[in-house]
Each structure stands twice: as structure tokens, then as C-alpha cells.
There are 2 protein chains.
Amino acid sequence: MQERECGESAAPLYLRVRDQLASQIEEGSLAPNTRLPSERILAEEYGTTRVTARLALAQLEREGRLFRSNRRGWFVSPPRLIYKPAHDYSFSDYVTAQGRAPETDTLGVTPMEVSPWLAAKTGLSVGDPIVLLRRRRLIDGRPVLVENIYLNPKRLPNIETYDFNRSLWKLLREKYDVELRQKRIEMYPTALVDPQASDIGVTVGTAGLYVTRCSRDADGCFVELDEEFWLHDALSIQVDVD
Amino acid sequence: MQERECGESAAPLYLRVRDQLASQIEEGSLAPNTRLPSERILAEEYGTTRVTARLALAQLEREGRLFRSNRRGWFVSPPRLIYKPAHDYSFSDYVTAQGRAPETDTLGVTPMEVSPWLAAKTGLSVGDPIVLLRRRRLIDGRPVLVENIYLNPKRLPNIETYDFNRSLWKLLREKYDVELRQKRIEMYPTALVDPQASDIGVTVGTAGLYVTRCSRDADGCFVELDEEFWLHDALSIQVDVD
DNA sequence: TCGCTCAACTGGTATAGACCAGCTTGACGA
DNA sequence: TCGTCAAGCTGGTCTATACCAGTTGAGCGA
């Protein structure tokens with residue numbers, strides 16, 4: 001939208017380094033998913049120390065232009081995925097539609113009991129049975145989110161026996177004849193902490209977006225509650241109303 | 001949602017400092033808007049250096065639990081404002097409804113011409129007249145967002161002559177008989193840069209949320225495009241669909 | 001050819017200082 | 001009483017260095 005106007009040498013050194021890297025990204029000499037030179041080399045190139053180079057890199061990371069892969073290096077962020085949480089598209093479908101390659105790992109399926117927090121969100125009673133499904137999703141080989149999905153076994157009997165590496169939405173429709181209505185979506189930016197950070201393979205404190213969706217069927221019966229922990233630079237949310 | 005399980009001394013020092021501060025915030029001994037001891041004093045208390053203390057503080061800032069006021073110190077973040085961008089509530093009304101005190105500053109009103117970027121968003125033609133309104137909004141005295149509002153003077157003649165410190169939404173309804181339909185909302189987390197960062201009074205690189213809304217009236221005529229730059233810890237987005 | 005080991009690299013964490021710029025506060029003077 | 005100004009505080013930026021932990025890739029041996 002708007003670009004910083006300042007190019008003065010009055011700006012702090014780390015922001016001048018940021019500006020030079022940013023313009024290389026914009027002009028395309030650093031393509032998406034390209035790995036940058038190491039912090040030590042960058043520091044030397046710009047005649048400064050690693051601490052200052054890291055400030056510049058961290059600034060670009062906060063802006064969503066760079067990401068890091070644990071102890072492997074810094075990379076140029078690919079474009080954000082357009083994500084419409086109000087729609088029922090499957091992850092695979094809309095990632096594919098945007099020319100990217102989706103993958104899904106199931107991290108675990110755990111039958112458990114409804115906690116007070118879950119009860120408040122879903123309308124179920126504390127102690128009711130619930131099934132927790134944890135998945136990790138990748139785009140072009142990069143993990144971009146993990147999700148906790150709480151499924152209502154009353155509405156979805158034997159749900160834990162299916163294969164969750166395919167589209168859950170298609171599963172619900174085909175096997176349980178569920179048509180989702182009412183959906184409440186909440187989201188806010190926050191930092192990723194463990195266990196989500198290590199599931200995604202990023203440092204604790206990496207910026208993220210927390211998204212939660214509570215879905216009910218046409219009768220108002222609770223079907224599933226979804227908690228998603230996204231990397232902050234991986235998505236752009238889009239919602240149409242009216 | 002989920003809390004870190006680790007309390008082992010194996011964790012990095014800056015995360016152990018983070019944990020101690022975080023539990024003080026949770027148990028309430030550090031109330032919202034309380035100022036923390038200075039970085040130098042915290043470093044001494046925890047037997048470490050300022051750099052490490054700053055790592056812990058920055059981590060809590062990323063999580064949305066602390067915020068800083070330029071060269072004044074670190075403060076405990078108040079609860080997030082529940083924000084429903086799909087609704088037409090006025091900022092003042094929903095801030096007040098949540099027991100907080102809203103304020104609005106008008107930063108400027110500028111007639112200008114539609115840029116290519118704006119043309120793509122609005123459907124207007126490049127070079128058409130448009131009015132840019134820039135405002136800053138505060139909650140309990142803390143600036144939490146700045147916004148650029150692009151108003152269509154064809155639909156809203158003489159719009160630049162009104163007082164913008166009151167609700168724009170009420171103004172449109174009362175003076176122009178506008179009833180907004182169709183609304184396209186997009187948002188993504190990013191870092192705040194100048195000029196938004198200095199308008200809000202935070203350091204360049206502070207985490208933010210970019211929200212844009214494009215509104216049309218019942219005839220599909222473009223009314224206004226809104227770009228909002230929020231502090232990331234100030235809000236929680238809520239959208240209901242179907 | 002295949003698998004393993006290990007050295008060299010990466011970023012992650014941490015110390016110990018330094019100086020600068022903006023804010024706050026209190027003493028002082030009009 | 002009120003405004004001014006300077007001292008002392010705050011965080012913001014920066015240097016120089018050190019060691020640790022996970023990744024990578026080259027080279028060796030079976």
C-alpha cells in the first residue's frame with residue numbers, strides 16, 4: 001500500500017539494511033523461497049555486526065517478507081495464501097486453485113472429555129465426550145499451520161475411524177450428510193508458543209495468527225470447533241458479507 | 001487456550017524470565033496498563049543483562065501481553081477489543097459498550113485523484129476525484145489504530161465539509177441516506193512502518209494488523225474504502241456467517 | 001552402492017559494555 | 001502561580017565476542 005519515504009542516512013543502520021534487502025525482494029533479484037546469505041556474511045557485507053543484521057532480518061520477518069527455517073537460514077516469503085474462513089472449501093482445493101501444492105499430516109486423534117473452556121464455546125456440557133484431531137498443513141513443502149479440531153461424536157459417530165489426511169469437509173458431507181450453517185469465526189494476531197511452534201518447526205515467539213471457527217449444522221447442532229495456528233506471513237484473510 | 005508445559009530450567013533464560021512475568025500478569029499482581037520496572041532494573045532482578053531482558057519483554061509483546069510506549073516504558077496490555085468489521089457499529093459505540101473510553105483525532109482530509117491501486121479496489125477510473133480522510137483512534141487514551149478512508153465524492157457530495165471526529169457511519173446514514181450493502185473485508189498481520197508507526201506513536205516494526213474494507217450501497221455504487229492499521233494486541237476480530 | 005560419521009556450517013542464546021534521543025520531573029525564576 | 005529549563009531517567013541502537021545446538025554435506029568404510 002504505502003512505502004516508507006525515508007532513504008536518509010539519518011535512519012538507524014538496521015533499517016537501512018532492511019531497506020536494501022527489501023528493495024532486492026521487490027525488484028525480484030531475491031525470488032520467493034530463495035535462501036539469503038548467512039547472518040555472518042550479511043553482517044560483513046553491510047559492515048556491521050551480527051546483532052544488527054539480525055535486527056534488520058527480524059524487521060523483515062515481522063513485515064512478512066522473510067521467514068526462517070530453524071537453524072537452516074532465512075528465506076524470502078512466498079505470496080500470502082488468500083484464505084476465506086467463511087467458506088467451506090477444502091484446504092487442498094483452494095491451495096491448489098492458487099497454484100500451490102498442499103499437504104496434510106495428521107498429528108493425532110484423541111478421544112477426550114469436554115473442558116470448561118470447550119463447554120463455553122460449544123454449548124456442550126463439561127465431561128461430554130469429544131474427539132480431538134490435530135493436523136499440520138503445508139504449502140509447497142513449508143508447514144504454515146497446525147490445527148486442533150474438536151469433533152462432536154454425538155453428531156459424528158465413529159468419526160475417529162476415518163482417514164484425516166483428506167478433506168474433513170468432504171468427509172462430513174459424504175459420510176454424515178452434514179451441511180454446515182451458522183459459523184462463528186474469531187481471530188487475533190499473537191505469537192506462536194509450544195507446542196504449536198515446535199509442531200510447525202519455528203522458534204517460540206514467531207508471529208502467528210490464531211483463528212477459531214465454531215460450526216453448527218442446519219438444526220443448530222454443534223458439529224466441530226476448529227482452532228488454527230497460522231504463520232502470520234502465510235495468509236491473507238478475506239470475508240465477503242451481505 | 002493452551003499453556004506451555006515447560007518449567008524446566010533447561011529452557012532458555014529469556015523464556016524463563018518471560019514465564020515469571022507472564023504468571024505475574026495472569027495472577028493479577030501486574031494489572032492492565034501497569035508500568036513495569038525499567039529494563040535495567042529487570043535485568044538486575046533476574047541476574048542477567050539488558051539484552052536478555054529485552055528478549056523476554058519482546059516475546060511478551062509479540063504474544064500481546066505487554067506493549068511499550070516510546071521511551072516511556074513497558075506496560076501490561078489491556079484486554080483485546082472485540083471488533084466485528086462486518087457490522088456497521090460506530091467505533092465509539094462498540095468501544096463504549098465494552099466499558100472502554102474511545103477517542104478520535106482527524107489527521108487530515110485531502111481531495112485527490114484515484115490511483116491505479118485504488119481503481120482496482122473500487123472500480124472507479126484512474127484520475128477520478130476521491131477524498132482521503134485520515135484518522136487516529138484511541139482506547140482509554142492509548143492510540144490503537146490509524147485509518148485511511150477513501151470517500152467517493154460522486155456518491156457523497158461535499159463530504160469534506162463535515163466534522164469527522166464523530167461517527168462517519170452515522171454521518172453517511174443521516175446526511176446521505178446511505179445504506180451499506182456488499183462489503184469486502186481483507187486482513188493480514190504485518191509490521192507497522194512509517195507513517196503509520198509514528199502516527200500511532202510506536203517503534204517501526206511493531207506488530208500490527210492491516211484491515212481493509214470496501215463498502216457499496218444497495219445499488220452497488222462504491223461508497224468508501226477503509227484501510228485500518230491496528231496494533232496487533234488491541235483487538236480480536238469476530239465474524240458471524242450464515 | 002549404500003549408510004554412517006564427523007567437521008563445518010547455520011542460527012539461537014548470552015555477556016558486557018557504550019552512546020543517543022526523547023520523556024519526566026523537580027527546582028528555579030519570573 | 002505558572003512557565004522554563006536542566007538533570008536524570010527511559011528505551012533505542014550498536015559494537016564485539018563467546019559458546020551452544022541443530023543441519024548439512026563431504027568423505028570414508030562396509
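Order of the sequence lines sets the chain letters (A, B, ...), proteins ahead of strands, with each chain counted from 1. For clarity, every value in this text was computed on a predicted model and none was experimentally measured.
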J.: If you assign each of A:Arg72 and A:Leu13 to its closest nucleotide in DNA chain D, which residue comes earlier from the 5' end?
T.: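 Final value for this comparison: A:Leu13.
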J.: With a non-hydrogen cut-off below 4.0 angstrom, is B:Arg40 in contact with a base, only sugar-phosphate, or nothing?
T.: base
J.: Whole-Å distance between D:dT13 C1' and A:Arg16 CZ?
T.: 11 Å
J.: Are side-chain N/O atoms of A:Thr96 and A:Asp93 paired as donor and acceptor at under 3.5 Å?
T.: no
J.: Base, sugar-phosphate, or nothing for B:Thr48, non-hydrogen atoms under 4.0 angstrom?
T.: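 Here B:Thr48 touches the backbone only, sparing every base.
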J.: Pairing donors with acceptors under 3.5 angstrom, does anything connect the side chains of A:Glu63 and A:Gln59?
T.: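 Their side chains do contain a donor-acceptor pair, which is all the 3.5 Å distance test asks for.
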J.: Look at the side chain of A:Arg68 against the base of C:dG12 and say whether a donor-acceptor pair falls under 3.5 Å; ignore hydrogens and angles.
T.: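 Donor-acceptor pair under 3.5 Å: no.
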J.: With a 4.0 Å limit, can you tell me whether A:Arg54 has a side-chain N or O closer than that to the phosphate oxygens OP1/OP2 of C:dG11?
T.: no
J.: Over how many whole Å does the gap from A:Glu39 atom CD to C:dA8 atom P extend?
T.: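 About 21 Å, once rounded to whole Å.
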J.: As a test of reading the structure: which of C:dT10, C:dC20, D:dT13 is closest to the side chain of A:Arg71, going by heavy atoms?
T.: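 From the listed options, C:dT10 comes nearest.
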J.: Within the structure provided, determine whether B:Leu132 and B:Val109 are in side-chain contact (heavy-atom separation under 4.5 Å).
T.: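 With C-beta onward as the side chain, the pair stays apart.
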J.: Which of these passes side-chain contact (heavy atoms from CB on, under 4.5 Å) with B:Thr48: B:Leu13, B:Leu42, B:Leu55?
T.: B:Leu13
J.: If I take atom CH2 in residue B:Trp74 and atom C1' in nucleotide D:dC9, what distance separates them, rounded to the nearest angstrom?
T.: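 Rounding to the nearest Å, CH2 of B:Trp74 and C1' of D:dC9 are 17 Å apart.
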J.: Is the shortest side-chain N/O distance from A:Thr52 to OP1 or OP2 of D:dT15 below 4.0 Å?
T.: yes
J.: How many whole angstroms separate atom CG of B:Leu42 from atom P of C:dA14?
T.: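 After rounding, the gap between these two atoms is 16 Å.
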J.: Rounding to an integer number of Å, can you tell me how far A:Tyr46 OH sits from D:dA16 P?
T.: 19 Å
J.: Nearest whole Å is fine: how far is C:dA8 P from A:Ile41 CD1?
T.: 16 Å
J.: Within the 4.0 Å heavy-atom criterion, would you say B:Thr203 contacts the bases, only the backbone, or no part of the nucleic acid?
T.: sugar-phosphate
J.: Tell me the interatomic distance from B:Leu57, atom CG, to D:dG12, atom P, rounded to whole angstroms.
T.: 10 Å
J.: Check this one for me: any side-chain N or O of A:Ser38 less than 4.0 Å away from OP1 or OP2 of C:dT10?
T.: yes
J.: C:dC20 C1' sits how many Å from B:Arg50 CZ, rounded?
T.: 11 Å
J.: Between A:Glu228 and A:Tyr83, is any side-chain donor less than 3.5 angstrom from a side-chain acceptor?
T.: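 Side-chain D/A pair, A:Glu228 to A:Tyr83: present.
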J.: Find which nucleotide of DNA chain C each of B:Arg35 and B:Thr49 is nearest to by heavy atoms, and output the residue with the more 5' nucleotide.
T.: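 This one resolves to B:Thr49.
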J.: Students often get this wrong, so: under 4.0 angstrom with heavy atoms, is B:Leu55 touching a base, only sugar-phosphate, or nothing?
T.: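 It contacts nothing in the nucleic acid.
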